[in-house]
Amino acid sequence: MTIELLKSKIHKVTVTEANLNYVGSITIDETLMEAANMIENEKVQVLNVNNGERLETYVIKGAKDSGVICLNGPAARKACVGDVLVIISYCSMDFEDAKHFKPWIIFPDKNNKI
């Protein structure tokens with residue numbers, strides 16, 4: 001049996017941009033991606049602490065150490081610059097292996113730095 005569980009979590013980052021005129025996705029600073037063990041094109045769930053919105057999209061790699069968190073395309077309507085987000089990815093794993101799995105969870109500061 002396999003179950004779905006938390007793989008990676010970026011807890012409370014601040015939206016720096018919202019770009020409605022883009023195909024879609026979320027751009028995340030490469031440094032944050034690496035620390036949270038996320039990769040480009042990975043599916044993520046985005047939770048907006050300010051308004052309760054939740055959405056699923058995929059990750060685009062942003063410039064390293066830029067602090068960028070940008071919602072692109074239709075997702076740009078779900079948050080404003082300055083909103084606080086939680087970004088989560090999940091994985092499927094064998095039930096017994098999952099009992100010993102430790103997710104990558106990071107807590108950036110208010111400037112989206114580790």
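Worth knowing before you read on, the calculation uses all heavy atoms, side chains too, and leaves out hydrogens, waters and symmetry mates. Positions are given from 1 along the sequence. Quick caveat: nothing in here was measured; it's all calculated off a predicted structure.
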Are the side chains of [Y] and [X] in contact, using a 4.5 Å heavy-atom criterion?
X: Ile28; Y: Ile10; result: yes
X: Thr57; Y: Val44; result: yes
X: Arg54; Y: Val46; result: no
X: Lys12; Y: Leu85; result: no

Just jot down the side-chain contact (heavy atoms from CB on, under 4.5 Å) partners of Lys102, sequence neighbours excluded, or say none. none
So the ring-ring contact (aromatic ring centres under 6.0 Å, His included) pairs with at least one residue in residues 58-82 (sequence neighbours excluded) are none
Inter- and intrachain pairs under ring-ring contact (aromatic ring centres under 6.0 Å, His included), touching residues 9-55, at least two apart: His11-Phe107
Could you state whether Leu55 and Leu47 fall into the same hydrophobic cluster, counting links through intermediate Ile, Leu, Val, Met, Phe, Trp or Tyr residues with side-chain heavy atoms under 4.5 angstrom apart? no
Honestly curious: do Met38 and Ile114 fall in one hydrophobic cluster under the side-chain, below-4.5 Å linking rule? yes
Can you give the donor-acceptor pairs under 3.5 Å from side chains of residues 61-84 to other protein atoms, not counting sequence neighbours?
| from | atom 1 | to | atom 2 | distance (Å) |
| --- | --- | --- | --- | --- |
| Lys64 | NZ | Glu34 | OE1 | 2.8 |
| Lys64 | NZ | Glu34 | OE2 | 3.3 |
| Asp65 | OD1 | Thr31 | OG1 | 2.7 |
| Ser66 | OG | Ala63 | O | 2.6 |
| Ser66 | OG | Val68 | N | 3.2 |
| Asn72 | ND2 | Ser25 | OG | 3.3 |
| Asn72 | ND2 | Thr27 | OG1 | 3.0 |
| Asn72 | ND2 | Cys70 | O | 3.4 |
| Lys78 | NZ | Glu53 | OE1 | 3.3 |
| Asp83 | OD2 | Asn48 | ND2 | 3.0 |
| Asp83 | OD2 | Cys80 | N | 3.0 |

side-chain hydrogen bond (donor to acceptor under 3.5 Å, both in side chains): pairs with one or both residues in residues 103-114, sequence neighbours excluded: none
If I compare all heavy atoms of Leu5 with all of Phe101, which pair ends up nearest, and what's the gap? CD1-CD2, 3.6 Å
Could you tell me which non-hydrogen atom of Lys9 sits nearest to which non-hydrogen atom of Leu6, and how far apart they are? CB-CD1, 4.1 Å
Ser8 side chain vs Ala36 backbone, donor-acceptor pair below 3.5 Å: yes
Would you tabulate the side-chain donor-acceptor contacts of residues 86-93 under 3.5 Å, counting partners in other chains and residues two or more places apart, or write 'none'?
| from | atom 1 | to | atom 2 | distance (Å) |
| --- | --- | --- | --- | --- |
| Ser89 | OG | Glu42 | OE2 | 2.9 |
| Tyr90 | OH | Gln45 | OE1 | 2.7 |

